[in-house]
Structures are given as C-alpha cells and as structure tokens.
Amino acid sequence: MEAQLQSVMADVAVSVSELKKSPTSVMNRADGAPVAILNHNRVMGYMVPPETFEAMMDAIDDDVLAAIVKARSGEVPVRVTLDAL
C-alpha cells in the first residue's frame, strides 16, 4: 500500500493529545498563526484565532459578492419610477 502525501497548510502543528492538554497554550504559542491539528500524523483540521476566522469569512463574502456583480454585469438595468409603484 502506497502512503498518501498530505499538505500541512500551517507553520504550527500539534497533536490532538497536545491540544487536549492545553488549547490556550497552543494558541498562545502560535502567536496568531493558524495551527494544524494532527491525528496519527494526518491533518484533521485547523484552528485559527477569532480575528483570523472573521477576516476569512469577510474575504469569502467579498468573493461571493464579486461573483454576483460579475454575473450581473451584462444585465440591462430596469428603471423603476414612483408611478409604477
């Protein structure tokens, strides 16, 4: 059986056991950077500080809105007057 390679997309990685012992210590040592959580040396998830998560969600929202704008860029605007209401 051939081993599968997996990317770790964080500079900091800890085991589930280490995380269970002291999650606050892990986040403090990461100093705001994302932390890869490993289970049997495989990434099972990532942990990020609230500020990073909020920035990620804002970026996703911006990308979604940009896609909507791009999709609608060819539409002909409809002019609505008060008489029509």
Side-chain angles (χ1 to χ4, degrees):
M1 182 160 95
E2 190 174 317
Q4 293 181 345
L5 297 179
Q6 184 182 27
S7 295
V8 178
M9 302 182 82
D11 293 334
V12 179
V14 298
S15 68
V16 173
S17 301
E18 186 176 349
L19 179 63
K20 284 181 187 178
K21 288 178 191 171
S22 181
T24 302
S25 173
V26 169
M27 289 306 292
N28 288 342
R29 286 192 340 239
D31 197 30
V35 178
I37 310 302
L38 306 177
N39 188 23
H40 300 290
N41 292 323
R42 296 208 31 91
V43 176
M44 63 173 283
Y46 292 92
M47 188 167 64
V48 296
E51 300 81 18
T52 302
F53 184 78
E54 291 165 9
M56 291 167 49
M57 296 307 295
D58 286 345
I60 290 169
D61 286 345
D62 290 349
D63 285 348
V64 169
L65 290 173
I68 291 169
V69 168
K70 184 176 179 180
R72 292 182 178 175
S73 65
E75 292 180 5
V76 177
V78 176
R79 185 168 183 208
V80 178
T81 64
L82 293 178
D83 297 336
L85 303 176

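Note that these values count all heavy atoms, side chains included, but never hydrogens, waters or copies made by symmetry. All residue numbers refer to positions in the sequence shown, counting from 1.
The two residues Val35 and Ala30 make their nearest non-hydrogen contact at CG2-CB, 3.4 Å. Minimum interatomic distance between Gly32 and Pro49 (heavy atoms only, all atoms of both residues): O-CG, 3.5 Å. Residues Ala36 and Ala10 approach most closely at N-CB, 3.8 Å, considering heavy atoms.
Connection of Met44 to Val12 is established within a shared hydrophobic cluster, with ILVMFWY side chains joined at heavy-atom distances below 4.5 Å, either directly or through further cluster members. Residues Val48 and Met9 fall into different hydrophobic clusters, defined by Ile, Leu, Val, Met, Phe, Trp and Tyr side chains chained together at heavy-atom separations under 4.5 Å. A chain of hydrophobic side-chain contacts below 4.5 Å, direct or via other Ile, Leu, Val, Met, Phe, Trp or Tyr residues, connects Val26 to Val16.
Taking a 6.0 Å sphere around CG of Asp31, one finds it holds 12 or fewer heavy atoms contributed by other residues, nucleotides or ligands. Atom CG of Asn28 sits in a crowded spot, with more than 12 heavy atoms from other residues, nucleotides or ligands closer than 6.0 Å. Atom CG of Asp11 has 12 or fewer neighbouring heavy atoms from other residues, nucleotides or ligands inside a 6.0 Å radius.
Checked by atom type and distance alone, the side chain of Gln6 pairs as donor or acceptor with a backbone atom of Val43 at under 3.5 Å.
Of the listed residues (Asp61, Ile68, Asp62), just one forms a side chain to side chain contact (heavy atoms under 4.5 Å, CB included) with Val64, and that residue is Ile68.
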Intermediate values then yes/no, side chain to side chain contact (heavy atoms under 4.5 Å, CB included), Val14 and Met47: CA-CA 10 Å; Val14 298; Met47 188 167 64; over 6 Å; no

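Side-chain atoms of Met27 and Pro23, non-hydrogen and from C-beta on, never get closer than 4.5 Å to each other.
Note: Ser25 OG to Leu19 CG = 10.0 Å, rounded to the nearest 0.5 Å. Interatomic distance, Ile37 CD1 to Ser17 OG, rounded to the nearest 0.5 Å: 11.0 Å.
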